[in-house]
Novice: 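Below is the structure I would like to discuss, written out as structure tokens.
What you see below is based on every heavy atom in this structure, not just the backbone, and it leaves out hydrogens, waters and symmetry mates.
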Amino acid sequence: MPRARSPLLTSMLDLRGNGRACVYTEPMWGLSMMLVLPYASVFMLALGVKDQQIGLLATISMLSQVVFGLLSGVITDKLGRRLTTALFDVLAWAIPCLIWAFAQNFWWFLAASVVNGAWQVTQNSWDCLLVEDVDRGEITKVYSLVKVAGEFSALFAPIAALLVSQFGLVPAVRVLYLNAFVIMVAKIILLYRLTTETAVGRLRREQTRGVSMGRLLGEYRGVLPLILRSKGTIFSLAIAAIVGAVALINGTFWQVVINQHLAVPDPLLPFFPMVRSVLSVVFFFTVIPWLTHGRHLQRPTLWGFLSYLGGQVLLVLIPAPGTGGPGLSTYALLAVCLLLDAFGASILFMLAESLVALHVDRDERSRVMAIQRTVVMLVTAPFGWISGWLSGIDRTWPFILTSALLVLGVAVTSRFWVTTHSDPAEALV
């Protein structure tokens, strides 16, 4: 009797068209930006940027994303999903990588943060390119595959560690940013060649031809009622905001706390995201599909919040090592943190993105998602500055904040859960 294939593996092999192109090129993101992200914050510290300034940069980046996010729906409809993705990937990633590679002080990072905010435009267009021609019932699996594809960079983390150990933190990170520039340009070209404009994209491009940007922005007033009338959309916004705030804080200060508070050496820093990524891939091909294959997603969402909460609380409780540096017990506790974070963050990423996509009005996807992302960013933006201020006092305090946010996530999911469709025949949860 043949062995049953993993549902996620089946979905990956059966993908066609734009969905396949988007998922199959996603590992290139991992080979570029994911190699350098473990060092981004400590790189800034090494160049004299303070904790509070790092937090401020995170908030400024979010505010830049708010502006671009608000424009993203209009731009995506005017230019089309495919062209928008290519143009704004260059603006949002290729150009900032060059700025980061040659950065000297806070002002260089400020400039890169402002330009990098344009990634919210390409996030909107890329999401539309990814899911608009995909069967509705496959959306959760597609977002799982996106997460898995992004995690494949874990296999290359030792390259970053080797560079840092051989050449030192600052020179090695500059090389990694230059590598990110080259790989991202290659990814942009490849994705553009392998995709076609979606059916909805062609329709919206025709509908907006000759219509000014100002008028299209004014039409957002007609989209707002679609969001406000939908309890499911409001609920998915709340979940996305909580997950986004926690991800912002962790992405900015997780490496800082283990490096500066727990004294983990610089060359070892990329191995922690590597382990987390490997665990995420394992979870996506084993536990997560089993938990999310059914019609009820509330329980796995709660498990995701509780697991993530456990990892954050444990990180706060790990005692700072003595003069001899971190011992076996410190690394063992960090391993447990990674296990809990990997499961919690992975399932919440997939569910948060899927809930937004499932609740959104199909005919107004780009504009509704633009407003949704703008709202989420406005809510999460202050947490960059707040967590930087907290880290300047005590480097574990940002994770007390994330723990509180995750408790809020549990409460919101328990009290306000809304299924993804009112029609039982189409319900997915």
Side-chain angles (χ1 to χ4, degrees), residues 18-19 21-23 25-26 28-34 36-37 60-101 110-133 146 149-150 177 180-198 200-202 204-205 208-209 211-214 216-217 220 244 353 356-357 360 364-378 381:
N18 291 339
C22 290
V23 170
T25 56
E26 193 64 7
M28 298 179 73
W29 159 263
L31 286 171
S32 54
M33 290 306 301
M34 290 301 290
V36 76
L37 285 178
I60 290 172
S61 176
M62 290 298 294
L63 292 176
S64 173
Q65 291 172 48
V66 167
V67 176
F68 282 110
L70 189 60
L71 296 172
S72 65
V74 172
I75 295 171
T76 298
D77 285 344
K78 288 282 286 183
L79 298 181
R81 282 70 170 133
R82 181 168 172 253
L83 181 59
T84 300
T85 301
L87 293 178
F88 280 85
D89 266 343
V90 172
L91 178 62
W93 295 112
I95 293 174
C97 280
L98 289 178
I99 298 174
W100 284 320
L110 176 62
S113 295
V114 172
V115 178
N116 180 236
W119 76 267
Q120 281 298 331
V121 177
T122 195
Q123 181 66 29
N124 190 331
S125 62
W126 185 86
D127 268 0
C128 292
L129 194 64
L130 172 70
V131 302
E132 280 183 342
D133 292 338
V146 168
Y177 273 124
F181 167 78
V182 173
I183 299 295
M184 283 302 299
V185 169
K187 178 183 184 294
I188 292 165
I189 295 171
L190 188 60
L191 182 62
Y192 186 80
R193 291 179 63 87
L194 293 177
T195 53
T196 58
E197 186 56 60
T198 68
V200 175
R202 290 193 297 270
R204 289 298 299 158
R205 195 168 55 190
T208 57
R209 191 183 304 275
V211 183
S212 69
M213 294 281 286
L216 289 173
L217 284 171
Y220 274 142
E353 292 287 335
V356 170
V360 72
E364 290 285 0
R365 182 180 299 275
S366 66
R367 291 195 291 182
V368 172
M369 292 183 76
I371 294 175
Q372 287 179 320
R373 286 201 170 90
T374 300
V375 172
V376 169
M377 287 181 292
L378 282 172

Novice: Donor-acceptor check, side chain of Ser64 to backbone of Ile60, threshold 3.5 angstrom: yes or no?
Specialist: no

Novice: Looking only at heavy atoms, which two atoms of Met28 and Ile183 are closest? And how far apart?
Specialist: O-CG2, 3.2 Å

Novice: Given Trp100 and Asn116, is the side chain to side chain contact (heavy atoms under 4.5 Å, CB included) satisfied, shown in steps?
Specialist: CA-CA 11 Å; Trp100 284 320; Asn116 180 236; 3.9 Å; yes

Novice: Looking at OG1 of Thr122 and CD1 of Ile75, how far apart are the two atoms once the value is rounded to the nearest 0.5 Å?
Specialist: 10.5 Å

Novice: At what distance, to the nearest 0.5 angstrom, does OG of Ser113 lie from CD of Gln65?
Specialist: 9.5 Å

Novice: Given side chains that start at C-beta, do those of Leu129 and Cys22 come closer than 4.5 Å, heavy atoms only?
Specialist: yes

Novice: Let me confirm one number: the CH2-CG distance from Trp119 to Asn124, rounded to the nearest 0.5 Å.
Specialist: 11.0 Å

Novice: What distance do Leu190 atom CG and Thr25 atom OG1 have between them, rounded to the nearest 0.5 Å?
Specialist: 6.5 Å

Novice: Has Glu197 got a side-chain atom pairing as donor or acceptor with Arg82's backbone, closer than 3.5 angstrom?
Specialist: yes

Novice: Would you indicate whether the side-chain heavy atoms of Trp126 and Glu26 approach each other to under 4.5 Å?
Specialist: yes

Novice: As a quick check of understanding, evaluate side chain to side chain contact (heavy atoms under 4.5 Å, CB included) for Ser72 and Gln120, giving each step before the final call.
Specialist: CA-CA 7 Å; Ser72 65; Gln120 281 298 331; 5.5 Å; no

Novice: Starting at CG of Asp89, measure out to CD of Gln123 and round the result to the nearest 0.5 Å.
Specialist: 9.5 Å

Novice: Using the rule salt bridge (Lys or Arg N to Asp or Glu O under 4.0 Å), only one of Arg205, Arg202, Arg204 pairs with Asp77; which is it?
Specialist: Arg204

Novice: Write down the atom of Leu191, the atom of Thr195, and the distance for their closest heavy-atom approach.
Specialist: O-OG1, 2.8 Å

Novice: So, the side chain of Thr198 versus the backbone of Gly201: is there a donor-acceptor pair under 3.5 Å, distance only?
Specialist: yes

Novice: Report the distance from atom CG of Leu83 to atom OG1 of Thr76, rounding to the nearest 0.5 Å.
Specialist: 10.5 Å

Novice: Spell out, as yes or no, whether a donor-acceptor pair under 3.5 Å connects the side chain of Lys78 to the backbone of Val211.
Specialist: yes

Novice: Return the orientation label for the Phe68 and Phe88 ring planes: parallel under 30°, perpendicular over 60°, tilted otherwise.
Specialist: perpendicular

Novice: Could you go through the side chain to side chain contact (heavy atoms under 4.5 Å, CB included) check for Met33 and Cys97 one step at a time?
Specialist: CA-CA 9 Å; Met33 290 306 301; Cys97 280; 3.5 Å; yes

